[in-house]
Every structure is written in C-alpha cells, then in structure tokens.
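As structure tokens, the structure follows; a few thoughts come after it.
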There are 2 protein chains.
Amino acid sequence: MTHPDDSCLKRRGRPRSFDRAAALEQAMLLFWRQGYAGTSIADLTLAMGISPPSLYAAFGDKERLFLEALDRYQGDVLSSAAQIMAQAPSARAAVLAVLRATADRLTRPDLPRGCMAVTSAMNCGEEFSHLAEELTRRRKASLQRLCDRLNQALAEGELPDGTDISALATFYQTVAQGMTIQARDGASRDELLATVDAAMRAWPGGNEAQHDPQPADAIG
Amino acid sequence: MTHPDDSCLKRRGRPRSFDRAAALEQAMLLFWRQGYAGTSIADLTLAMGISPPSLYAAFGDKERLFLEALDRYQGDVLSSAAQIMAQAPSARAAVLAVLRATADRLTRPDLPRGCMAVTSAMNCGEEFSHLAEELTRRRKASLQRLCDRLNQALAEGELPDGTDISALATFYQTVAQGMTIQARDGASRDELLATVDAAMRAWPGGNEAQHDPQPADAIG
DNA sequence: CAGGTTCTGTATCAGTTGCTACGAAATGGG
DNA sequence: CCCATTTCGTAGCAACTGATACAGAACCTG
C-alpha cells in the first residue's frame, strides 16, 4: 500500500512541479482547522498552491486526500504517544505524561486547536458517515492501546485487583477528548494541565503518595 | 425579542398551514445530527415538510433557524440542569446528578447522540466562525453556572479552602464534553455512567465517606 | 362582494460544490 | 530528432448551495 510517488525510480513524462509532502501538509492543516465538509476543493487548491487536476492526479479525490492527511496527522501524534508510553516508568506515569503531552499538543500556538481525529468529521451528512466511522475506529484503536497498557499494570500489581480497566481507559480518553473542545474554546495549555491534574486524582487506589513533577515546558 | 408568531392576536391574511413548533423540532433534530454546515436547506425543507419560501418566511434564514433550533435544544437541557442543581443537597451531589443526567441525555435511543451545543458547529469554515463563537459563548455560560455553584460550596465549607473552583468546574465540563464524543462513538449509557463515577473520584478532599446511590433508571 | 394581507408551491436565481475534458508543456526513451 | 508518457493550466461540467420572484390561494376587514 504505497503512494504513487513513493519510489525513487526515474519517472517518464513531465515531472511534478510541486512538493507533494508540503502540499499534503497544507491539506492536513486545512482539514484540521475546518473539518472535511467545511473544506472545499477550492480551499485546498489555494492553500496547496496547485490546480484541481494536479490535486486529483496526486491524491485521488477529496476523500482519499483527507484520509492521507489524517494518516500524516496521526503519524506524529501516535508515534509520540507510543514513545511517551514506552518511556514511562509506570502506567500512571504513562497516562499522566500522555495527557500532559496532549494538553501541549492541543494548544500549540502555530497549529489548529484541538485534535483533528476528533473534530474533522464530527458533523457531516450521512453521505460521509463512513468517514465518521473511520475516525471512530481510530479512536477505538487508541483506546485499545491504553487498555493494553493498563492491563499490563494490572498484571504487574500497579493497579488493584478488580480494577475495571476498560472503564478507567475510557475515562481518560473521555478527558482527553473533552480537552479538544476546551482547546477549541480557547483554553490555555495551563488550563488543560490543571484539568489533567484533576483527572489524575481519579486514579485508582488514591493519590496519597503521589507527587507528580511539574511538566517540562514545551520545547516542540 | 419575540418571534413573528408569538402573539395570540388574530392575524390577517392566509394562515400558516404547518405547525411552526413541530417544524422547528425537525430542524433541531437535523442540525443536531448533521451540524450546521452538514445540513442543507433541502434537507431541512424535506424534514420539516415545507417549501423553501415557507421556511424563509417563518424563520428568516438558515442561520436564524439554526440559532432558534439551538434555543429550542438548550431550553430543555438547561432548565433540566438548573432543576437538578437546585434539588441537589450539596455541590458534589449536584455535579454527580448533572453528569448522570448528561450520560442519560447523550445516549437516548430515539434522539441524536451527543450534545448539539458541542457538535453542531464544531468544524465549519471561517465564514461561519461567528456561529462557532456563539456556541463557545454558551458553553462558557454553562461553565459559569457550575462555577457559581462551586463557589457557593466553597463559601459553605463543603469544599476545602484554597480549592481552585475554576479548574474544578472546567474539569467536570471537560468530562461532560468528552462524553459527547464517546456517545457519538457508540458508548452506552452505562459506559458513560462509569466514566461519571471515575470523574467523581477526583472530587477534592477524597471520597472515603462517599457512597453514591445508583442512578435511577431513565424514565424519560 | 372587493381590497388588502399573508401564506403556498413552482420555478428559478447566481454562486459554489466536487470533479474532469482538453490541449499545451515538459520530461525520458528510442 | 520523434514519440510516448506524465503533468500542467484553463475552462467548464452537472449537481447542489442558500435564497427569491412570481402568481395564485386563503384568510380578515369592510
């Protein structure tokens, strides 16, 4: 499943005159800001600096362009989350670190607010319901990764026996998704971090011994 | 600020041949399900059972119809929340009851999933940014009402001195907003209620003495 | 009844939507 | 060089968007 220009082979015919990756980046930013239905081909071609035929030749159609932009978006987000989870010394630290990174990510001053995977197909007509379902599928996949980590913690004794792992993972995903709405409403990074701290008070087994270090300033 | 047919005065000319309130209800349901941008005039006229000129004569234009549908939506939701808050014996009970009612409201089998005030203008182009801002304003108003109740609890000693009321209210609003995404993704009422229980563990001062009664089954 | 008023359906308006036909331009292979 | 191949910009497609002009129909007042 590779894209038409992934190969380094010499291609016959007139070479492409624009940077496909850069154009995809612009498309991603537009879909992120305005959603799938709210972004027109005219918007896209203007931002990408190409004409409609070039867009269709390079990306197929609007829907495939959206999915590719979504892949581009999630590529960064998911690998970052995986790395944070891998480095965390405990499940609690992993959840805290991921939520803090989320607070940072959702309020970057130079990027659209909120999570593209949450906002970009929230309300589209029924003719695009399969897009909404695709985003739902991806959110469920994220939930599953969190469940896996929490189940590991349960097996290692970090979490009390009988802890409802699915409910706990769902709770933290719910908080993270709510933070997207807050970010869209103008919440600052610090406000989101305060919500993260509140959410961590719900960690099973109490928080008597917990002294979470302050989050490092965002460096990018 | 009244609508053209609020009066009970006898009106001259041909009487309206459709039920304005019922038509508004259908419009609300469509905007709720598909959002502002995702709902066309054709969709609306079909669902409302009227022709475009009747729609424009009765409701102004699409934007004013949307705002009126939003008022219709929030009328029920906000009065219900206010009543629940008024009846609750404590701030904690109020937050719990409102969140449980929210879990119920977001997963009604016969109504669209999620909160219309969150989803209906989440991603529209910049030409409708004032609609998104209007919804943001209403969400901030809801937050303010929650802050007021929590400040009252602080004054009454229910909450520890030094409690960050704004942060606490924002946390619970964030959870409620995240529940909208979960509901859209198919979460059941019980799953949302489990998230509510998790969120209540974050209530300041610990939960050692708290034994929240089970929520009553929804009766409509 | 006549006159004024308001609503109704048909039939559209100009503008935008996603998308593409077409021929010119730019490359590599022979 | 000539040709096949690929991309380019222009220009435009049918369908849909939000919103209306128009004429006829239905009501009240007189």
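We name chains A, B, ... by the order of the sequence lines, and we start the count at 1 in each one.
- Remark: P of C/dT8 and CE of B/M48 are 11 Å apart, rounded to the nearest angstrom.
- The separation between B/K62 atom NZ and C/dG15 atom P is 19 Å, rounded to whole Å.
- The side chain of A/R12 lies closest to D/dA4, out of D/dA4, D/dA19, D/dA25.
- Put simply, CD1 on B/I41 is 18 Å from P on C/dG15, counting in whole angstrom units.
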Would you please test B/Q182 and B/E191 for side-chain hydrogen bond (donor to acceptor under 3.5 Å, both in side chains) and show each step? CA-CA 9 Å; B/Q182 294 287 319; B/E191 287 172 317; over 6 Å; no

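- The distance from atom CG of B/D61 to atom P of D/dA19 is 5 Å, rounded to the nearest whole Å.
- Of the options B/F59, B/Y73, B/Y36, a ring-ring contact (aromatic ring centres under 6.0 Å, His included) to B/F66 is made by B/Y36 and by none of the others.
- Closest to the side chain of B/S54, out of C/dC19, D/dA19, C/dG9, is C/dG9.
- Atom pair B/E127:CD and C/dT16:P shows a separation of 10 Å (rounding to whole Å applied).
- A side-chain donor from one of A/Q74 and A/R138 sits under 3.5 Å from a side-chain acceptor of the other.
- Listed nucleotides: D/dT17, C/dT17, C/dC7. Nearest to the side chain of B/S40: D/dT17.
- Checked by atom type, the side-chain pair B/Q144/B/D148 shows a donor-acceptor distance below 3.5 Å.
- Counting non-hydrogen atoms under 4.0 angstrom, A/P15 reaches the backbone sugars and phosphates but no base.
- Distance from the side chain of B/A42 is smallest to D/dT17 among C/dG9, D/dT17, D/dC8.
- When distances run from any side-chain atom of B/S17 to the nucleotides C/dT8, C/dT17, C/dT20, the shortest one goes to C/dT8.
- Across the protein-nucleic acid pair, A/L131 atom CG and C/dG18 atom P stand 13 Å apart, rounded to whole Å.
- Nearest to the side-chain atoms of B/P53 among the listed nucleotides C/dT20, C/dT8, C/dT10 stands C/dT10.
- A residue-by-residue look at A/T39 and B/S51 shows that B/S51 has its nearest nucleotide of DNA chain C further toward the 5' end.
- Between the P atom of D/dG9 and the CZ atom of A/R16 lies a distance of 12 Å, rounded to the nearest Å.
- Per the geometry, OH belonging to B/Y56 stands 16 Å off C1' belonging to C/dT8, to the nearest Å.
- Inspection of the A/N123 and B/T119 side chains reveals no N or O donor paired with an N or O acceptor under 3.5 Å.
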